[in-house]
Amino acid sequence: GLPPRFSLYGEEHPDTQNRWWTRFGSAELDALIAESLTNSPTLQQAWARLAQAEAVARKVGAAKLPTVGYSAEAAAARNSIAERTVEGYAAGLSASYEIDLWGRIRSQTEAAALDRDATREQLNTAAITLSAQVALRWAGIVAQRLQTDVIGRQLEANRTSLELIELRFRKSISTALDVYQQRQTVAATASQLPQAELREELLRNELAALLGRTDLAAPDIAATALPDPGPLPAIGLPADLLANRPDVRQAGLRLRSADWSVGAARADRLPAIRLSASGEYANAELSDLFDDWFANLAASVTGPVFEGGRRKAEVERARAVADERLADYRATVINAVKEVEDALVSERKQRAYIEALDLRLSAARRSYEEAVNRYRNGLVEYTTVLLQLNTMQALERDRVAAQYDLLRYRIDLYRALGGTWPDELARN
């Protein structure tokens, strides 16, 4: 069974997660997600699949109604003996209906309707996934820009230090090795800029693709800071996922559809009762066509006598499909709970990591200042300064990456909790 509660559990009612991205307070992000939900090819494919499933459900459901057809015929023949043309006209109506005595048609109709509903949940899953991907790319671009800014400031500071060391070298205070080491540090910092800019450009291209922009014109991102994730949303009980996760709902609907398909396969092994009626009018003169008519009503019973076990095999296949979908439903529920647990523990540990990282960064800055003072007083080699400098600057870059990871875990949590907002989507 499901666990009684998640690792982190609020006593409030479960959050429906309606349009969770608005909690980040970014109108820019709101506009990007709205654009993706309208123009994304992935979502348009999901809409097309839903239209197909709806058409199939209507097609299967039509079997519950009688089938009515018509026929019309006109013929002319030349009688060579009488030297005249003989004309004839005929028109008819026919209808047939299968009495669903064993529930075969109803089972097929119910299965098709459930498949349609499952396809709708697949659309909801696609929309939730798409919104999370857009939010992640947007946050990644902002984080990468912050990284570039940090690297730029570090490069400027390292160049200033290089100028000071070269001045000390000209005054015979520093050694040539000090100059070479600082030049190496400047070059190493500068080499990180192209890679940081590359990662930003790739993220911009990915975002443009998610937005459905065929020219891959990346949007202008104006945000200069990552949003604060804020407090955890109300998580609710694991059982709430059964209602909130569209992939869980989809798996449940597919399981129910498989059960109805088993019923249809069983009923197909029994005799089918069909009623048919027809009426036909025929006359040599078109004006008198409906003066002569005849009609008939018939009933038939058809059923298998020998078919080599084909219908029995179909029943066994349908049962196996139901067993498979039951296992898929269980796996989907387990994975849903796991994803929420993963996101919760990841965010909790990431916050602890950021706190520890801040302490390390504070200590590294003090160590660097102390190393610089001791170097100026001739108490340590410049290698000591470089060690502290590289440590401090690496931690500054790690701090930006850690803040992005924290936001990423919160987005993962919102995605894992599912929600009902995709039901508000309008068909394109």
Side-chain angles (χ1 to χ4, degrees), residues 1-21 42-43 45-46 49-50 53 57 107 110-133 135-136 232-263 317-350 408-425:
L2 291 173
R5 60 181 58 197
F6 290 109
S7 299
L8 297 178
Y9 172 69
E11 295 298 331
E12 307 171 19
H13 292 294
D15 201 314
T16 58
Q17 311 308 323
N18 287 332
R19 302 187 182 276
W20 49 264
W21 57 87
T42 301
L43 211 57
Q45 292 178 52
R49 286 192 293 268
L50 177 59
S107 296
E110 292 290 343
L114 289 168
D115 286 339
R116 175 202 60 207
D117 295 341
T119 305
R120 172 69 196 199
E121 297 301 342
Q122 189 178 37
L123 169 65
N124 292 341
T125 300
I128 289 176
T129 302
L130 178 63
S131 63
Q133 289 178 339
L136 285 172
L232 282 171
I235 305 301
L237 295 172
D240 296 324
L241 283 182
L242 303 182
N244 289 337
R245 288 271 297 223
D247 58 339
V248 174
R249 296 197 298 267
Q250 177 189 353
L253 290 167
R254 283 170 53 82
L255 175 59
R256 291 172 57 194
S257 171
D259 288 339
W260 280 106
S261 295
V262 172
R317 187 199 67 83
R319 286 173 176 168
V321 170
D323 291 341
E324 177 191 5
R325 292 186 179 180
L326 175 60
D328 178 67
Y329 178 75
R330 293 182 62 248
T332 303
V333 171
I334 292 171
N335 183 66
V337 176
K338 172 186 175 297
E339 286 183 350
V340 174
E341 286 286 5
D342 287 350
L344 287 172
V345 69
S346 296
E347 179 168 339
R348 181 175 58 190
K349 296 300 181 182
Q350 186 68 13
R408 176 167 62 87
Y409 294 141
R410 174 57 62 85
I411 294 173
D412 287 344
L413 176 60
Y414 282 130
R415 183 193 60 77
L417 290 174
T420 58
W421 63 266
D423 292 332
E424 305 167 13
L425 293 175

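Predicted, not measured: the structure shown is a model, and the values here were computed from it. Sequence positions, counted from 1, serve as the residue numbers for this chain.
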* Structure fact -> CG of Leu136 to CD1 of Ile411, rounded to nearest 0.5 Å, is 4.5 Å

* For Glu121 and Asn124, test the side chains for any donor-to-acceptor distance below 3.5 angstrom and give the result as yes or no. => yes

* To do: Report yes if some heavy atom in the side chain of Ser257 is under 4.5 Å from a heavy atom in the side chain of Arg325; otherwise report no.
  => yes

* Asked: If you round to the nearest 0.5 Å, how far is CZ of Arg254 from CD of Gln122?
  -> 8.5 Å

* Please determine if Arg245 and Glu339 form a salt bridge, counting it only when a charged side-chain N lies under 4.0 Å from a carboxylate O. => yes

* Would you say Leu413 and Leu232 make side-chain contact, with heavy atoms under 4.5 Å? -> yes

* Tyr414 vs Ser131 side-chain heavy atoms within contact, under 4.5 Å -> no

* **Side-chain heavy atoms of Leu417 within contact of Pro233, under 4.5 Å** => yes

* **Within-4.5 Å side-chain heavy-atom neighbours: Tyr329 and Val248** => yes

* Asked: Of the non-hydrogen atoms in Ala343 and Asp412, which two are nearest, and what is the gap between them?
  -> CB-C, 4.2 Å

* Asked: Under 4.0 Å between a Lys/Arg side-chain N and an Asp/Glu carboxylate O for Arg256 and Glu110?
  -> no

* Asp342 bridged to Lys338 by N-O distance under 4.0 Å -> yes

